[in-house]
Amino acid sequence: MSESEKWIIQINRINGDVIIKKLQSVNVIDSNFKIYSRDDSIFIPLKQIIENLPELLNGYEFKIFEVQENDENLKDRKLTHRKSLKETLKKIIPLEYHNILPRAFDIIGNIAIIELNRDEQKPLRSYINEIGKVLLENHPNIKSVYEKASDIEGLYRTRKFDLIAGINNTETIHKENLCKFHVDIEQTFFSPRLAYERQRIANLETEFNSNGIIWDIFCGVGPFVIQISKLYPKSRSIGTDINYQAVELAKKNIELNKINGEIEFYWQDVKEISTFPNFTNHQNNISRFIMNLPEKSIQFLKYLPPFIQKEGSLLHIYQFNNKINPIQEAKEVFEKELCNSGMRLKEYKFSKVVKPFSPNNVMTVLDVIITL
Ligand SMILES: C[S@@+](CC[C@H](N)C(=O)[O-])C[C@H]1O[C@@H](n2cnc3c(N)ncnc32)[C@H](O)[C@@H]1O
(Lines give C-alpha, C1' and ligand atoms only; values in the text may rest on other atoms or scores of the structure.)
Protein backbone atom coordinates (compact mmCIF):
# COMPACT_ATOMS: atom_id res chain seq x y z
CA MET A 1 0.00 0.00 0.00
CA SER A 2 1.58 3.30 -1.01
CA GLU A 3 1.77 6.25 1.39
CA SER A 4 -0.42 8.34 -0.85
CA GLU A 5 -3.47 6.02 -0.62
CA LYS A 6 -6.24 7.31 1.60
CA TRP A 7 -9.77 6.36 2.59
CA ILE A 8 -12.85 8.47 2.88
CA ILE A 9 -16.04 7.42 4.62
CA GLN A 10 -19.30 8.85 3.30
CA ILE A 11 -22.19 9.07 5.78
CA ASN A 12 -25.62 10.64 5.94
CA ARG A 13 -25.51 14.24 7.17
CA ILE A 14 -28.25 13.57 9.77
CA ASN A 15 -25.96 11.16 11.62
CA GLY A 16 -22.90 13.41 11.32
CA ASP A 17 -22.23 14.27 14.96
CA VAL A 18 -22.91 10.75 16.26
CA ILE A 19 -20.69 9.00 13.72
CA ILE A 20 -17.86 11.54 14.06
CA LYS A 21 -17.91 10.94 17.83
CA LYS A 22 -17.77 7.17 17.28
CA LEU A 23 -14.86 7.48 14.83
CA GLN A 24 -13.05 9.84 17.19
CA SER A 25 -13.44 7.31 20.00
CA VAL A 26 -11.29 4.84 18.02
CA ASN A 27 -8.97 7.54 16.71
CA VAL A 28 -9.31 6.81 12.97
CA ILE A 29 -10.13 10.29 11.61
CA ASP A 30 -7.27 11.79 9.60
CA SER A 31 -6.95 15.24 11.15
CA ASN A 32 -4.60 16.33 8.36
CA PHE A 33 -7.62 16.75 6.10
CA LYS A 34 -10.90 18.62 6.36
CA ILE A 35 -14.20 16.84 6.93
CA TYR A 36 -16.53 18.18 4.22
CA SER A 37 -20.14 17.91 3.11
CA ARG A 38 -21.92 17.68 -0.22
CA ASP A 39 -25.72 17.52 -0.59
CA ASP A 40 -26.99 15.16 2.14
CA SER A 41 -23.64 13.50 2.77
CA ILE A 42 -20.64 14.15 5.00
CA PHE A 43 -17.21 12.90 3.90
CA ILE A 44 -14.64 12.05 6.57
CA PRO A 45 -11.02 11.33 5.65
CA LEU A 46 -9.69 8.31 7.60
CA LYS A 47 -6.11 7.54 8.51
CA GLN A 48 -6.74 3.79 8.52
CA ILE A 49 -9.46 1.20 8.16
CA ILE A 50 -10.19 -0.75 11.31
CA GLU A 51 -11.69 -4.22 11.26
CA ASN A 52 -14.58 -3.52 13.61
CA LEU A 53 -15.86 -0.51 11.65
CA PRO A 54 -19.10 -2.33 10.66
CA GLU A 55 -19.76 -3.13 14.35
CA LEU A 56 -18.89 0.40 15.46
CA LEU A 57 -21.29 1.92 12.92
CA ASN A 58 -23.91 -0.79 13.23
CA GLY A 59 -27.31 0.59 12.21
CA TYR A 60 -25.88 3.53 10.24
CA GLU A 61 -25.47 3.60 6.46
CA PHE A 62 -21.96 4.33 5.28
CA LYS A 63 -19.74 3.89 2.23
CA ILE A 64 -15.94 3.78 2.17
CA PHE A 65 -13.89 4.64 -0.87
CA GLU A 66 -10.18 4.72 -1.47
CA VAL A 67 -8.53 7.76 -3.03
CA GLN A 68 -5.05 8.98 -3.79
CA GLU A 69 -3.75 11.93 -1.78
CA ASN A 70 -3.86 14.08 -4.93
CA ASP A 71 -7.48 13.01 -5.69
CA GLU A 72 -9.93 15.89 -6.10
CA ASN A 73 -11.72 14.75 -2.92
CA LEU A 74 -8.68 15.66 -0.85
CA LYS A 75 -6.99 18.36 -2.94
CA ASP A 76 -7.14 21.74 -1.19
CA ARG A 77 -8.50 20.04 1.91
CA LYS A 78 -5.16 19.65 3.64
CA LEU A 79 -5.24 21.44 6.98
CA THR A 80 -2.51 23.60 8.33
CA HIS A 81 -2.91 22.92 12.02
CA ARG A 82 -4.03 25.66 14.29
CA LYS A 83 -2.05 25.58 17.50
CA SER A 84 -3.93 24.59 20.66
CA LEU A 85 -4.82 27.35 23.11
CA LYS A 86 -2.19 26.07 25.52
CA GLU A 87 0.55 26.03 22.89
CA THR A 88 -0.22 29.59 21.82
CA LEU A 89 -0.40 30.90 25.38
CA LYS A 90 3.00 29.42 26.18
CA LYS A 91 4.51 32.20 24.06
CA ILE A 92 3.17 34.99 26.26
CA ILE A 93 2.97 33.46 29.74
CA PRO A 94 6.09 32.79 31.83
CA LEU A 95 7.32 29.21 31.92
CA GLU A 96 6.56 28.74 35.63
CA TYR A 97 2.79 29.04 34.89
CA HIS A 98 2.62 26.71 31.88
CA ASN A 99 1.29 23.81 33.94
CA ILE A 100 -1.78 25.83 35.03
CA LEU A 101 -2.77 27.19 31.61
CA PRO A 102 -6.34 26.46 30.45
CA ARG A 103 -6.34 23.68 27.83
CA ALA A 104 -9.69 24.36 26.25
CA PHE A 105 -12.59 26.76 25.99
CA ASP A 106 -16.25 26.54 24.99
CA ILE A 107 -17.60 28.23 21.91
CA ILE A 108 -21.22 29.38 21.74
CA GLY A 109 -21.88 31.11 18.40
CA ASN A 110 -19.24 33.84 18.10
CA ILE A 111 -18.47 33.85 21.83
CA ALA A 112 -15.55 32.04 23.47
CA ILE A 113 -15.84 31.16 27.15
CA ILE A 114 -12.88 30.28 29.31
CA GLU A 115 -12.65 29.10 32.87
CA LEU A 116 -9.78 30.14 35.14
CA ASN A 117 -11.34 29.54 38.50
CA ARG A 118 -9.10 26.90 40.05
CA ASP A 119 -7.21 28.23 43.08
CA GLU A 120 -3.85 27.30 41.59
CA GLN A 121 -4.69 29.39 38.49
CA LYS A 122 -4.68 32.68 40.46
CA PRO A 123 -1.27 33.80 39.08
CA LEU A 124 -2.82 33.82 35.58
CA ARG A 125 -5.23 36.61 36.54
CA SER A 126 -2.68 39.29 35.66
CA TYR A 127 -2.52 37.88 32.08
CA ILE A 128 -6.26 37.61 31.59
CA ASN A 129 -6.55 40.29 28.89
CA GLU A 130 -3.62 38.88 26.93
CA ILE A 131 -5.29 35.46 27.04
CA GLY A 132 -8.48 37.02 25.63
CA LYS A 133 -6.57 38.78 22.86
CA VAL A 134 -4.81 35.54 21.83
CA LEU A 135 -8.19 33.84 21.46
CA LEU A 136 -9.55 36.69 19.32
CA GLU A 137 -6.47 36.75 17.10
CA ASN A 138 -6.42 32.98 16.53
CA HIS A 139 -10.13 32.52 15.88
CA PRO A 140 -11.48 35.01 13.36
CA ASN A 141 -15.11 33.94 14.00
CA ILE A 142 -14.91 34.84 17.68
CA LYS A 143 -16.04 38.36 18.48
CA SER A 144 -16.16 38.23 22.31
CA VAL A 145 -14.22 36.36 24.95
CA TYR A 146 -15.80 35.93 28.37
CA GLU A 147 -14.59 34.32 31.54
CA LYS A 148 -16.98 32.32 33.73
CA ALA A 149 -17.59 34.52 36.79
CA SER A 150 -19.95 32.28 38.77
CA ASP A 151 -21.36 28.77 38.87
CA ILE A 152 -24.63 27.97 37.12
CA GLU A 153 -27.13 29.15 39.70
CA GLY A 154 -30.61 30.36 40.56
CA LEU A 155 -34.04 29.50 39.25
CA TYR A 156 -33.08 30.09 35.61
CA ARG A 157 -29.83 28.05 35.82
CA THR A 158 -27.71 30.87 34.43
CA ARG A 159 -24.22 32.13 35.27
CA LYS A 160 -22.39 35.45 35.30
CA PHE A 161 -19.58 36.27 32.89
CA ASP A 162 -16.79 38.88 32.77
CA LEU A 163 -15.77 40.22 29.38
CA ILE A 164 -12.04 39.85 28.86
CA ALA A 165 -11.65 40.76 25.17
CA GLY A 166 -13.73 41.84 22.17
CA ILE A 167 -17.21 43.31 22.12
CA ASN A 168 -19.60 43.13 25.04
CA ASN A 169 -22.55 41.23 23.60
CA THR A 170 -23.87 38.14 25.35
CA GLU A 171 -26.37 37.38 22.55
CA THR A 172 -25.31 35.19 19.67
CA ILE A 173 -26.54 32.55 17.21
CA HIS A 174 -25.17 29.08 17.86
CA LYS A 175 -25.22 26.27 15.28
CA GLU A 176 -25.87 22.73 16.49
CA ASN A 177 -26.85 19.56 14.59
CA LEU A 178 -28.23 21.36 11.50
CA CYS A 179 -30.16 23.87 13.63
CA LYS A 180 -29.43 27.41 14.79
CA PHE A 181 -30.27 28.92 18.16
CA HIS A 182 -30.55 32.47 19.40
CA VAL A 183 -28.90 32.32 22.82
CA ASP A 184 -28.09 34.91 25.46
CA ILE A 185 -25.36 33.30 27.52
CA GLU A 186 -26.08 35.45 30.58
CA GLN A 187 -29.90 35.51 30.50
CA THR A 188 -30.61 31.90 29.54
CA PHE A 189 -29.15 28.46 30.10
CA PHE A 190 -27.36 26.93 27.11
CA SER A 191 -24.65 24.29 27.09
CA PRO A 192 -22.86 23.35 23.83
CA ARG A 193 -21.65 20.25 25.69
CA LEU A 194 -25.13 18.73 25.35
CA ALA A 195 -25.09 18.72 21.52
CA TYR A 196 -24.54 14.97 21.27
CA GLU A 197 -27.20 14.19 23.87
CA ARG A 198 -29.75 16.41 22.11
CA GLN A 199 -29.01 14.65 18.83
CA ARG A 200 -29.49 11.26 20.51
CA ILE A 201 -32.87 12.35 21.86
CA ALA A 202 -33.93 13.75 18.47
CA ASN A 203 -32.91 10.56 16.63
CA LEU A 204 -35.02 8.46 19.02
CA GLU A 205 -38.22 9.93 17.59
CA THR A 206 -38.27 7.24 14.86
CA GLU A 207 -38.17 4.56 17.53
CA PHE A 208 -40.74 6.08 19.83
CA ASN A 209 -42.95 8.13 17.60
CA SER A 210 -46.55 7.83 18.68
CA ASN A 211 -49.66 9.84 18.27
CA GLY A 212 -48.97 11.90 21.33
CA ILE A 213 -47.13 15.09 22.06
CA ILE A 214 -43.55 15.63 23.23
CA TRP A 215 -43.30 17.95 26.24
CA ASP A 216 -39.93 19.51 27.07
CA ILE A 217 -40.74 20.59 30.60
CA PHE A 218 -37.68 22.82 31.12
CA CYS A 219 -37.15 23.91 27.53
CA GLY A 220 -34.75 26.88 27.80
CA VAL A 221 -34.27 28.34 24.31
CA GLY A 222 -35.84 25.20 22.81
CA PRO A 223 -32.89 23.10 21.54
CA PHE A 224 -34.41 19.66 22.28
CA VAL A 225 -37.79 20.02 20.62
CA ILE A 226 -36.59 22.22 17.76
CA GLN A 227 -34.08 19.54 16.78
CA ILE A 228 -36.76 16.85 17.01
CA SER A 229 -39.12 18.92 14.87
CA LYS A 230 -36.44 19.70 12.29
CA LEU A 231 -35.79 15.97 11.83
CA TYR A 232 -39.43 14.88 12.12
CA PRO A 233 -41.71 17.66 10.89
CA LYS A 234 -44.77 15.54 11.70
CA SER A 235 -43.96 15.47 15.42
CA ARG A 236 -45.90 17.73 17.78
CA SER A 237 -44.14 19.36 20.72
CA ILE A 238 -44.58 21.80 23.53
CA GLY A 239 -41.96 23.46 25.67
CA THR A 240 -42.36 25.26 28.99
CA ASP A 241 -39.91 27.39 30.95
CA ILE A 242 -40.16 29.78 33.86
CA ASN A 243 -37.57 32.12 32.31
CA TYR A 244 -39.41 34.68 30.12
CA GLN A 245 -36.29 35.55 28.08
CA ALA A 246 -35.62 31.88 27.32
CA VAL A 247 -39.18 31.37 26.06
CA GLU A 248 -38.99 34.51 23.89
CA LEU A 249 -35.75 33.22 22.33
CA ALA A 250 -37.28 29.75 21.89
CA LYS A 251 -40.13 31.34 19.89
CA LYS A 252 -37.59 33.21 17.75
CA ASN A 253 -35.76 29.92 17.24
CA ILE A 254 -38.87 28.34 15.67
CA GLU A 255 -38.67 31.00 12.95
CA LEU A 256 -34.90 30.89 12.65
CA ASN A 257 -35.05 27.17 11.88
CA LYS A 258 -38.05 27.47 9.53
CA ILE A 259 -39.90 24.85 11.54
CA ASN A 260 -43.11 23.80 9.79
CA GLY A 261 -44.16 21.23 12.37
CA GLU A 262 -46.16 22.04 15.45
CA ILE A 263 -44.24 23.52 18.38
CA GLU A 264 -45.64 25.76 21.07
CA PHE A 265 -43.54 27.40 23.77
CA TYR A 266 -45.11 28.70 26.97
CA TRP A 267 -43.72 30.96 29.69
CA GLN A 268 -44.86 28.82 32.57
CA ASP A 269 -43.90 27.64 36.04
CA VAL A 270 -44.47 23.89 35.86
CA LYS A 271 -45.59 23.88 39.48
CA GLU A 272 -48.70 25.73 38.31
CA ILE A 273 -49.36 23.55 35.29
CA SER A 274 -52.69 22.26 36.60
CA THR A 275 -54.11 25.79 36.41
CA PHE A 276 -52.82 26.43 32.89
CA PRO A 277 -55.75 26.32 30.42
CA ASN A 278 -53.67 25.38 27.35
CA PHE A 279 -52.71 22.13 29.02
CA THR A 280 -56.20 20.73 29.55
CA ASN A 281 -56.16 19.26 25.98
CA HIS A 282 -52.96 17.42 26.77
CA GLN A 283 -54.45 15.22 29.51
CA ASN A 284 -53.28 11.61 28.91
CA ASN A 285 -51.72 12.70 25.64
CA ILE A 286 -48.00 13.26 26.25
CA SER A 287 -45.99 10.48 24.63
CA ARG A 288 -42.54 11.78 25.63
CA PHE A 289 -41.42 13.98 28.53
CA ILE A 290 -37.97 15.63 28.61
CA MET A 291 -36.85 16.76 32.08
CA ASN A 292 -33.49 18.52 31.88
CA LEU A 293 -33.22 20.32 35.21
CA PRO A 294 -30.76 17.85 36.71
CA GLU A 295 -30.57 19.29 40.22
CA LYS A 296 -34.36 19.20 40.68
CA SER A 297 -36.05 17.10 37.94
CA ILE A 298 -37.00 14.45 40.48
CA GLN A 299 -39.07 16.95 42.49
CA PHE A 300 -41.23 17.65 39.42
CA LEU A 301 -42.27 14.04 38.75
CA LYS A 302 -45.45 14.61 40.75
CA TYR A 303 -46.80 16.96 38.05
CA LEU A 304 -46.74 14.27 35.34
CA PRO A 305 -49.62 11.84 36.14
CA PRO A 306 -52.49 13.78 34.45
CA PHE A 307 -50.57 13.81 31.17
CA ILE A 308 -49.34 10.21 30.91
CA GLN A 309 -50.76 8.14 28.04
CA LYS A 310 -52.75 5.01 28.94
CA GLU A 311 -50.18 2.71 27.31
CA GLY A 312 -47.33 4.55 29.05
CA SER A 313 -45.09 7.47 28.12
CA LEU A 314 -41.36 7.72 27.53
CA LEU A 315 -39.53 9.92 30.01
CA HIS A 316 -35.98 11.27 29.61
CA ILE A 317 -34.92 12.38 33.07
CA TYR A 318 -31.58 14.03 33.86
CA GLN A 319 -29.99 14.08 37.32
CA PHE A 320 -26.70 14.85 38.99
CA ASN A 321 -25.39 11.76 40.75
CA ASN A 322 -22.30 10.67 42.58
CA LYS A 323 -19.61 9.51 40.15
CA ILE A 324 -19.32 6.24 42.07
CA ASN A 325 -22.20 4.07 40.75
CA PRO A 326 -24.08 7.03 39.22
CA ILE A 327 -26.65 5.00 37.27
CA GLN A 328 -27.53 2.85 40.24
CA GLU A 329 -28.03 5.98 42.35
CA ALA A 330 -30.06 7.67 39.56
CA LYS A 331 -32.37 4.65 39.33
CA GLU A 332 -32.84 4.34 43.09
CA VAL A 333 -33.70 8.03 43.57
CA PHE A 334 -35.97 7.98 40.53
CA GLU A 335 -37.87 4.80 41.47
CA LYS A 336 -38.55 6.07 44.99
CA GLU A 337 -39.96 9.39 43.79
CA LEU A 338 -41.91 7.77 40.95
CA CYS A 339 -43.67 5.55 43.45
CA ASN A 340 -44.34 8.51 45.82
CA SER A 341 -45.87 10.35 42.85
CA GLY A 342 -48.36 7.53 42.10
CA MET A 343 -46.69 6.23 38.93
CA ARG A 344 -45.15 2.91 37.95
CA LEU A 345 -42.01 1.94 36.14
CA LYS A 346 -42.71 -0.15 33.05
CA GLU A 347 -39.27 -0.47 31.47
CA TYR A 348 -35.86 1.15 31.39
CA LYS A 349 -34.96 1.68 27.72
CA PHE A 350 -31.52 3.24 28.19
CA SER A 351 -29.29 4.92 30.75
CA LYS A 352 -25.89 6.59 30.65
CA VAL A 353 -23.57 9.20 32.10
CA VAL A 354 -24.02 12.27 29.89
CA LYS A 355 -21.03 14.30 31.07
CA PRO A 356 -18.95 15.12 34.13
CA PHE A 357 -20.43 17.86 36.30
CA SER A 358 -18.18 18.50 39.32
CA PRO A 359 -15.26 16.71 40.95
CA ASN A 360 -17.65 14.25 42.63
CA ASN A 361 -20.73 14.28 40.43
CA VAL A 362 -21.78 13.43 36.90
CA MET A 363 -24.89 14.18 34.88
CA THR A 364 -26.96 11.06 34.11
CA VAL A 365 -29.95 10.32 31.91
CA LEU A 366 -32.55 7.58 32.24
CA ASP A 367 -34.86 6.82 29.28
CA VAL A 368 -37.76 5.04 30.90
CA ILE A 369 -41.35 4.08 30.12
CA ILE A 370 -43.68 5.11 32.93
CA THR A 371 -47.36 4.36 33.48
CA LEU A 372 -50.05 5.15 36.02
C1 LIG B 1 -30.74 23.14 32.71
S2 LIG B 1 -31.82 24.28 31.92
C3 LIG B 1 -32.29 23.32 30.48
C4 LIG B 1 -32.67 24.14 29.28
C5 LIG B 1 -32.80 23.37 27.98
N6 LIG B 1 -33.57 22.14 28.15
C7 LIG B 1 -31.47 23.10 27.34
O8 LIG B 1 -31.07 21.94 27.22
O9 LIG B 1 -30.80 24.04 26.92
C10 LIG B 1 -33.23 24.18 32.97
C11 LIG B 1 -34.33 25.17 32.65
O12 LIG B 1 -35.41 24.94 33.59
C13 LIG B 1 -36.07 26.17 33.82
N14 LIG B 1 -36.90 26.03 35.05
C15 LIG B 1 -36.46 26.00 36.33
N16 LIG B 1 -37.52 25.86 37.17
C17 LIG B 1 -38.64 25.79 36.40
C18 LIG B 1 -40.03 25.67 36.69
N19 LIG B 1 -40.50 25.58 37.96
N20 LIG B 1 -40.90 25.64 35.66
C21 LIG B 1 -40.46 25.73 34.37
N22 LIG B 1 -39.16 25.88 34.05
C23 LIG B 1 -38.25 25.90 35.04
C24 LIG B 1 -34.94 27.18 33.89
O25 LIG B 1 -35.38 28.48 33.62
C26 LIG B 1 -33.96 26.63 32.80
O27 LIG B 1 -34.15 27.29 31.57
Side-chain angles (χ1 to χ4, degrees), residues 17 106 108-109 111 113 150-159 170-177 179-202 204 214-230 237-254 256-257 263-276 278-279 282 286 288-304 307 315-321 354-358 361-365 367:
D17 285 2
D106 279 335
I108 302 185
I111 298 174
I113 299 169
S150 75
D151 286 334
I152 291 190
E153 55 197 13
L155 188 59
Y156 300 164
R157 311 312 299 149
T158 49
R159 74 163 91 233
T170 52
E171 253 193 85
T172 186
I173 294 183
H174 181 75
K175 289 189 190 158
E176 178 179 293
N177 304 330
C179 292
K180 292 181 194 157
F181 298 100
H182 285 282
V183 174
D184 184 325
I185 59 163
E186 215 161 41
Q187 305 293 325
T188 59
F189 173 93
F190 187 84
S191 171
R193 297 183 193 184
L194 291 177
Y196 178 62
E197 175 60 12
R198 289 192 274 254
Q199 188 180 49
R200 185 186 76 81
I201 295 291
L204 283 180
I214 304 158
W215 177 15
D216 184 357
I217 299 184
F218 310 106
C219 68
V221 301
F224 276 99
V225 281
I226 286 179
Q227 286 183 43
I228 294 176
S229 190
K230 189 84 183 170
S237 314
I238 43 182
T240 43
D241 203 289
I242 199 167
N243 179 352
Y244 177 78
Q245 307 260 33
V247 174
E248 286 304 294
L249 290 176
K251 288 177 183 168
K252 267 171 94 172
N253 288 332
I254 295 181
L256 185 64
N257 289 286
I263 303 190
E264 285 163 22
F265 287 115
Y266 298 108
W267 178 35
Q268 177 66 42
D269 179 347
V270 173
K271 289 183 182 143
E272 286 158 17
I273 208 73
S274 60
T275 61
F276 190 47
N278 295 50
F279 267 67
H282 301 317
I286 302 291
R288 283 175 81 183
F289 298 91
I290 301 168
M291 297 183 86
N292 176 21
L293 178 60
E295 50 288 288
K296 285 201 203 138
S297 292
I298 287 290
Q299 298 167 24
F300 286 83
L301 281 172
K302 57 175 175 262
Y303 299 103
L304 270 42
F307 305 101
L315 165 68
H316 310 282
I317 185 159
Y318 297 85
Q319 298 177 60
F320 291 134
N321 300 102
V354 178
K355 63 183 182 86
F357 172 65
S358 66
N361 290 304
V362 293
M363 180 178 175
T364 59
V365 61
D367 293 354

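For ligands, and for the atoms within them, numbers begin at 1 and follow the listed sequence. By convention here, the first residue in the shown sequence is residue 1.
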> What are the atoms of ligand 1, with element, lying closer than 4.0 Å to any heavy atom of Asn292?
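With Asn292 as reference, the close atoms of ligand 1 come out as 1 (C), 2 (S), 3 (C), 6 (N), 7 (C), 8 (O), 10 (C).
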
> Answer with yes or no whether the side chains of Gln227 and Glu176 bring together a donor and an acceptor at under 3.5 Å.
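Yes, because at least one side-chain N or O of Glu176 sits under 3.5 Å from a partner of the opposite role on Gln227.
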
> Quick one: does Trp215's side chain have a donor or acceptor within less than 3.5 Å of a partner on Ser237's backbone?
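Not a single qualifying donor-acceptor pair exists.
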
> Which label fits Phe307 and Phe279: parallel for a plane angle under 30°, tilted from 30 to 60°, or perpendicular past 60°?
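It falls in the perpendicular class, over 60°.
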
> Tell me if a side-chain donor or acceptor on Lys252 pairs with a main-chain N or O of His182 at a distance below 3.5 Å.
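Pair absent, no side-chain N/O of Lys252 close to backbone of His182.
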
> What is the nearest protein non-hydrogen atom to atom 15 (C) of ligand 1, stated with its residue, atom name and distance?
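Ranked first by proximity to atom 15 (C) of ligand 1 is Leu155 O, 3.2 Å.
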
> Which ligand 1 atoms are under 4.0 Å away from a heavy-atom of Asp241?
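So the atoms of ligand 1 that pass are 11 (C), 12 (O), 13 (C), 21 (C), 22 (N), 24 (C), 25 (O), 26 (C), 27 (O).
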
> Any donor-acceptor pair under 3.5 Å linking the side chain of Asn177 with the backbone of Asp17?
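A pair under 3.5 Å: no.
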
> Can you list the ligand 1 atoms lying under 4.0 Å from a non-hydrogen atom of Arg198?
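Here the atoms of ligand 1 in question are 7 (C), 8 (O), 9 (O).
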
> Determine whether a donor-acceptor pair (N or O, by modelled atom type, separation under 3.5 Å) exists between the side chain of Arg159 and the backbone of Ser150.
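Between the backbone of Ser150 and the side chain of Arg159 there is a qualifying donor-acceptor contact (under 3.5 Å).
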
> What protein heavy atom is closest to atom 6 (N) of ligand 1, reported as residue, atom name and distance in Å?
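Minimum-distance protein heavy atom for atom 6 (N) of ligand 1 reads Phe218 O, 2.8 Å.
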
> Please check this pair: side chain of Ser297 against backbone of Met291, looking for a donor-acceptor N/O pair closer than 3.5 Å.
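Looks like yes, one N/O pair under 3.5 Å.
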
> Please list the nearest protein heavy atom to atom 20 (N) of ligand 1 with its residue and the distance rounded to 0.1 Å.
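It is Val270 N, 3.0 Å.
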
> Please identify which atoms of ligand 1 are closer than 4.0 Å to at least one heavy atom of Phe300.
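Once the distances to Phe300 are compared, the set is 19 (N).
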
> Give the numbers and elements of all ligand 1 atoms closer than 4.0 Å to a heavy atom of Asp269.
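Answer, ordered by atom number: 18 (C), 19 (N), 20 (N).
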
> Say whether Tyr318 and Glu197, considering side chains only, have a donor N or O and an acceptor N or O under 3.5 Å apart.
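There is such a pair between these side chains.
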
> Any non-hydrogen atom of Tyr318 lying under 4.0 Å from ligand 1?
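No.
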
> Can you list the atoms of ligand 1 that are under 4.0 Å from a heavy atom of Gln268?
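Counting from 1, the qualifying ligand atoms are 20 (N), 21 (C).
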
> Give me the residue, atom name and distance of the protein heavy atom closest to atom 17 (C) of ligand 1.
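Minimum-distance protein heavy atom for atom 17 (C) of ligand 1 reads Ile242 CG2, 3.6 Å.
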
> Ring centres under 6.0 Å, that's the criterion: do Phe300 and Phe218 meet it?
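Centroid separation for Phe300 and Phe218: below 6.0 Å.
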
> Please determine whether any non-hydrogen atom of Lys296 lies less than 4.0 Å from an atom of ligand 1.
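No.
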
> Would you kindly specify which portion of Ser191 sits under 4.0 Å from ligand 1, judged on non-hydrogen atoms: side chain, backbone, both or neither?
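Neither part.
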
> Just to check, does Ala246 reach to within less than 4.0 Å of ligand 1 when the distance is taken from its heavy atoms?
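Distance cut 4.0 Å: Ala246 fails for ligand 1.
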
